[in-house]
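Encoded as structure tokens, the structure appears first; notes follow it.
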Amino acid sequence: MAAGDRASIGGLVTVYLVLLALLAASLGLTYLELGIFNPIGNLGIAVLQAGLIMAVFMGLRWSSPLVRVVAIGGIFFLSFLVVLLLADYLTRGLA
Amino acid sequence: MASANVEVPFEHFESLEQQHDAARMGIWLFLVTETLLFGAIFTAFGLYHHLYPGAFSPASRGLAWELEAANTVVLLTSGLTMALTDHYAFELRRRKVIVTLALTILLGLTFLVLKGVEYRGDYLAGSVPFLAGGWHYTGQDPSHAALFFNFYFLLTGLHASHMVIGIVLLTILLGRAFLWWSPFGVRRMIVGVGIFWAFIDVAWLFIYSSLYLIDRSGGT
């Protein structure tokens, strides 16, 4: 990350307002009857919010590719955990 | 070492850029382990939610989601003030760093106080399965609802403990910013603590979505 590369104050405030708008959208979703799309919507919005925070507040947008790889590595390892656990549960009739 | 106005990299780094990258990578490597810690609990929660929806859904709908919506706003605001701290620290603006750090600490403490209010309500409602006299749940399937509340306290408690650690680190930073003996040292520490604080925000957003909101639809 080059020393001068970072979000402007206006950029940070904009991201903050978008995060609040997404929270409002997530809360608004709970008033609708959408079946399976209720939890998908709520979690999808959380993923979007997390992505924005990681990119801007945590500075990944301006970080070097190596730092980004390490950060995304966490999600990658977590996906191993989830996939292997589900492979066990779903194939042994436990769930 | 740093002279008064220009930051010079430590001797084992080739450049300042490399030093900054190494600091960021270190904190991210730590956060990878944190992701796996929270992620494993979320995965177990998701699985049990799937196994016992009749107990988990009503228990989830009984949580104080309005209070925690306010708390989410508090936490997101603290995320902004922390990002502003990082911004001002880069420009070495001591006074603004102090103000934004103090605001972040204040918002963090507000979050913990509201969390305490919620826990008190849970205790009075008899929804604390691991406390003697704290469990007299009257909803559906109490034995599996107890499992839900154990997950709830584990996730929110783990998150709150991270908040406490974050607030301690921020208070140390506030002291260092007051003294301003090593502006570049303060700036380096703010980058790491700032990323950690933002991670606490991210963890909370998933906790709020999966514990409080996931079972709500049609306004119930």
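Since the model is a prediction, treat every value here as computed from it, not as a measurement. Chain letters run A, B, ... following the sequence lines, proteins first and then strands; every chain starts at 1.
- Of the listed residues (A:Leu34, A:Leu60, A:Val15, A:Val82), the greatest number of heavy-atom pairs within a distance under 4.5 Å of chain B belongs to A:Leu60.
- Residues satisfying the side-chain hydrogen bond (donor to acceptor under 3.5 Å, both in side chains) test with B:Ser127, not counting sequence neighbours, are none.
- Nearest approach of A:Leu43 to B:Ser209, heavy atoms of both residues: CD2-CB, 3.9 Å.
- Distance CG/B:Leu47 to OH/A:Tyr89: 5.0 Å, rounded to 0.5 Å.
- Looking at A:Leu19, both its backbone and its side chain come within 4.5 Å of chain B, counting heavy atoms on both sides.
- For B:Gln18, the CD atom is densely surrounded, since the number of other residues' heavy atoms within 6.0 Å is greater than 12.
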Query raised in the report: Yes or no on side chain to side chain contact (heavy atoms under 4.5 Å, CB included) for B:Trp28 and A:Met58, after CA distance, side-chain angles and deciding distance?
Result: CA-CA 10 Å; B:Trp28 271 107; A:Met58 298 166 101; 3.6 Å; yes
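- Residue pairs meeting the side chain to side chain donor-acceptor pair (under 3.5 Å) criterion with at least one partner in residues 98-108 of chain B, sequence neighbours excluded, are B:Thr81-B:Thr104, B:Thr85-B:Thr100.
- Counting heavy atoms from C-beta outward, B:Tyr88 and A:Ile9 have side chains that approach closer than 4.5 Å.
- When each of A:Val13, A:Val70, A:Leu81 is checked for heavy-atom pairs under 4.5 Å with chain B, A:Val70 comes out on top.
- A 6.0 Å sphere centred on CD of B:Glu14 holds no more than 12 heavy atoms belonging to other residues, nucleotides or ligands.
- Checking side-chain atoms of B:His87 against main-chain N and O of A:Ser8 turns up no donor-acceptor pair under 3.5 Å.
- The most heavy-atom pairs under 4.5 Å with chain A, out of B:Gly79, B:Gly194, B:Ala203, come from B:Gly79.
- Counting only residues at least two apart or in different chains, side chain to side chain donor-acceptor pair (under 3.5 Å) contacts with residues 189-208 of chain B comprise B:Thr72-B:Trp204, B:Ser78-B:Trp197.
- Only the side chain of B:Leu31 comes within contact range of chain A, with at least one heavy atom under 4.5 Å from a heavy atom of that chain.
- For A:Ile40, no part sits under 4.5 Å from any heavy atom of chain B, backbone or side chain.
- When each of B:Ile214, B:Thr35, B:Val191, B:Ile27 is checked for heavy-atom pairs under 4.5 Å with chain A, B:Ile214 comes out on top.
- Of the inter-residue distances, the one linking A:Leu12 atom CG with B:Leu80 atom CG reads 6.5 Å to the nearest 0.5 angstrom.
- B:Ala69 approaches A:Leu23 most closely through the heavy-atom pair O-CD2, 4.1 Å.
- Contact detail for A:Ala50 and B:Leu205: the closest heavy-atom pair is N-CD1, 4.4 Å.
- Both the backbone and the side chain of A:Val47 come within contact range of chain B, with heavy atoms under 4.5 Å apart.
- A:Arg61 CZ: 12 or fewer foreign heavy atoms inside a 6.0 Å radius.
- Identified by a heavy-atom distance below 4.5 Å to chain B, the contributing residues of residues 72-80 of chain A are A:Gly74, A:Phe77, A:Leu78, in residue-number order.
- Of the two parts of B:Thr33, neither the backbone nor the side chain holds a non-hydrogen atom closer than 4.5 Å to a non-hydrogen atom of chain A.
- Minimum interatomic distance between B:Ser217 and A:Asn38 (heavy atoms only, all atoms of both residues): CB-OD1, 3.1 Å.
- Screening A:Leu22, A:Leu17, A:Leu20 for a side chain to side chain contact (heavy atoms under 4.5 Å, CB included) involving B:Leu76 leaves a single residue, A:Leu20.
- Using a 4.5 Å cut-off on side-chain heavy atoms (C-beta onward), A:Arg6 and B:Phe90 make contact.
- For OH of B:Tyr48, the number of neighbouring non-hydrogen atoms (other residues, nucleotides, ligands) closer than 6.0 Å is 12 at most.
- Note: B:His20 NE2 to A:Ser64 OG = 12.5 Å, rounded to the nearest 0.5 Å.
- From B:His50, atom NE2 reaches atom CG of A:Leu90 across 7.0 Å, with rounding to the nearest 0.5 Å.
- For the pair A:Leu29/B:Leu213, no side-chain contact is recorded, criterion being any heavy-atom separation below 4.5 Å from C-beta on.
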